[in-house]
Each structure stands twice: as C-alpha cells, then as structure tokens.
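Accompanying notes for the structure given below.
Below, read A as the first sequence line, B as the second, and so on, with proteins coming before strands; counting in each chain starts at 1.
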Amino acid sequence: ERKTKSFNFAAYHNLETIYAFMDTLVASHPSLISKVNIGSSYENRPMYALKFSTGGVSRPAIWVDAGIHAREWVTQASAVWIANKIASDYGVDPSVTSLLGQMDIYLMIVTNPDGYAFTHTSNRMWRKTRSVNAGSSCRGADPNRNWDAGFGGPGASKDPCSDSYHGPYANSEVEVKNVVDLIKGHGNFKSFISIHSYSQLLMYPYGYTCTDVPDKSELHAVGTAAIKELTSLYNTRYQVGSICKIIYQASGGSIDWTYNIGIKYSFAFELRDTGFYGFLLPANQILPTAEETWLGLKYIMGYVRDHPY
Amino acid sequence: EELFNGDQVLRVLPESEDHIQALKELEEDVDSELDFWNHGFSTERPVDIRVPHDSLYAFKDFLMENNIPFTVMINNVQELLDEERAEMVNNEGL
C-alpha cells in the first residue's frame, strides 16, 4: 500500500512499471481486485485486465479498456489513475460501493502492450499492433478496425502500411481475439467502454454504418448526461454522437461488435486535447484528464447499474 | 529509435467538399508518409496531420495551391518528444 500511495500518477510510465503498479494495487486490495490474464500479445507479452469484484458468480459486468491505440498515452495513464480511484473509492463513495455491490468491473489498462512497448523504445508515434503482415514489410494492424463488425468496410484501409489497416481477417490480431474470447466466455457484460484520445468525443455505435442503432435515443441521453458530469470539472468541451455521424465512417470497431452481440451500453471516449499537443499531451494534464474522465465514466456505470436489461 | 526532427503538425481547416476530397486522397496515399492524428473530415472539425520534415514544403504548397487553410500546431515534434522523455527519466529517478 505504501508503494501505491507513492506511485506518481502524474507521469507517463513504461509497460513494466504499469504492470508492477497493477501487482501492487492487487496486493493492496486483495479482497476487491484480481489480475486476470486474458492471454498473450503477438510478441508474447501478457495481457492483463484488473477485475474489481466483491464476490458472486457471473455477475453482470462492465468492461473498460484503454490504450488499444498505442500512442494515445494519456489513455493508459488515465486508466492507471482510474484503477486506483475505483479501489480507493470503494467503501467511501456510495456510488462506487453500490456499483461493486451488484456488478463487476474489468479494467484493461494496456490493451495493446506490444504497441505500447514499441512507442517507448522505437517509435513514439506507433498506433497499431506489431504483427507481421505476409508479403509486406509493414507491420501491424489497427486493432480498432479488426473487430467483426462490418469488417473490411469503409473507413479502414486494405494497405498493411496504413495506420488504419484492418488486418487480414476479423480478429486476426491476437490482442483483439483475447478480448473477444473473454467477453464471449463471460457472457454477462452489460457495458463496454473503450478509451481513446484525442478530439474530445463520447461516441456510441455505429461506426461501420451511418444507420442509427435501435437504442440511439437512450445512448445519446446517457452520453450527454455523462459529458455534463465530465465537463463540470474543468469545462472541457465534448461532443456526443454516433461514431459515423460525429466523426467518420469506420468499420471493424470494438463498440460496434459489442453492441451487435447485445451489449447495449457500448461507448467510446476520445479524451482531451486542450492544448495544441495532440498525442503529446504534457504529463501535467494526466490528472485533470483522468479526473474528468472518471466523472463521465462513473455516470455511465451508475446508469448501467440502475438500468438492468 | 525513430526521430522526428523538423516534423511539424499542421492543423488543417477544410472549408469545402473539394478540400475534404483532397484530404481523403492524401490519407489513402500511404506513400505520402503523412500521419493523420485524427480521422474523418468535415468542414466543422480541424484535421491534425504530422508532416515529415522532408515533405513539409511540398505539403504546405499543396495546401496553399488548393486554398486549404492551415496553421502550424506543433513546430518541431522532436522537441516535444525530448521534453517528454526528459520528464520521464526524471520521474524514474524520483
């Protein structure tokens, strides 16, 4: 616990430090948090989700992932802070306590560990996985174009050298497959939230088509209310809408797949870029970003808890 | 380790369908080595593009020839990366 308290949440850390932090957090809250190994990455790095649970079997659950795009460092950093926040608020914040009394939370801090390691050692601007593409010298696929939802359609590239390359087939990227297997195997996820940066958006399905989802009105209302909470802290301006309508048509995205398999409350955040820094958000903005994101996230989680289906 | 000395990030502000079409074609051209930091183009949203130093003048000329407004958002990407790295090293020491 001493180590958790001295962890510098206002700094960017490499993969080893984040994994060590996860171990420390689990050790500090053994009755609340466990580390679930969901498989290994292409380069054989372990992939971990933190499971926050107060017991029960196959409880309804909420999935949160960060860092599927490697270079979006503020997402992994925010997720580290959020993990600690959930742990420290349990038993203190009635909303978090009540949530964990009924549901589990799975939080994946580094969803693309190979890419993240690569951004620290070789190319800070790397976004994709690190898989080898047969017949090409370019590596990796965009893991958010690789899900089985309109796979290979508009808004994804066929070119392995593109940053939005969809991969050879749906779930070809083992990092995606591992999450898919966990979600399918669990069978009781009620919400799936993916955290990206930047542009300051909260989106719901669809991305692969501009057709409205049947739950559009509810998702829009939930998203709008979540952003009201988020904005209340630092007045960071967000837009809310479907992926296709507020940014662009993009096929093979994670939240389209989760929505289509019945996880109604599927959202994707694009976190802040308040300065002119893009992916190079200064570390002194990690805490404000995490704090405001947590407010939005907590609203969505509370809504999911209160609206079982 | 790949360095980004002299790379700039331009904030491009498309104002018409022609501008959007031009940007789409550039994005699909992997050989252009442009790094689009956000995706999807509309006249209501700026597009941030990291432009390698070697392509900088040609790309700015392209934008000006097509009357596509832009500003320089990051003057030298490597300077920001150096600051980020120095801060991380300092934090590791702490």
Working to the nearest 0.5 angstrom, can you tell me the gap between [X] [atom1] and [Y] [atom2]?
X        : Y        : atom1 : atom2 : value
B:Asp35  : A:Phe279 : CG    : CZ    : 7.0 Å
A:Glu270 : B:Asn38  : CD    : CG    : 8.5 Å
A:His120 : B:Met88  : NE2   : CE    : 4.5 Å
B:Trp37  : A:Arg71  : CH2   : CZ    : 7.0 Å
A:Ser162 : B:Glu27  : OG    : CD    : 7.0 Å
B:Asn90  : A:Asn8   : CG    : CG    : 9.5 Å

- request: Kindly indicate whether the side chain of B:Leu80, heavy atoms from C-beta on, has any atom under 4.5 Å from the side chain of A:Tyr277.
  value: yes
Less than 4.5 Å to any heavy atom of chain B: does that hold for the side chain of [X], its backbone, both, or neither?
X        : result
A:Leu201 : side chain
A:Gln249 : neither
A:Trp126 : neither

query: With a 4.0 Å cut-off, would you call B:Glu84 and A:Arg124 a salt bridge?
result: yes
task: Under the side chain to side chain contact (heavy atoms under 4.5 Å, CB included) rule, what do A:Thr17 and B:Glu92 come out as? Steps first, then yes or no, please.
output: CA-CA 10 Å; A:Thr17 306; B:Glu92 282 166 21; 5.9 Å; no
Shortest non-hydrogen separation from [X] to [Y] and the atoms involved:
X        : Y        : result
A:Ser199 : B:Arg45  : O-NH1, 4.3 Å
B:Met73  : A:Gly278 : CE-N, 4.1 Å
B:Glu2   : A:Asn123 : OE1-ND2, 3.2 Å

query: Does a side chain donor of either B:Asp48 or A:Tyr198 reach within less than 3.5 Å of an acceptor in the other side chain?
result: yes
field: Neighbour count >12 (heavy atoms, 6.0 Å) for atom NZ, A:Lys245
entry: yes
- request: For B:Glu1, look at atom CD and say whether over 12 heavy atoms of other residues, nucleotides or ligands are found less than 6.0 Å away.
  value: yes
message: For the interface with chain A, which of B:Glu83, B:Glu44, B:Arg50 has the highest count of heavy-atom pairs at distances below 4.5 Å?
response: B:Arg50
field: Which atoms of B:Phe4 approach chain A - backbone, side chain, both or neither, heavy atom under 4.5 Å
entry: side chain
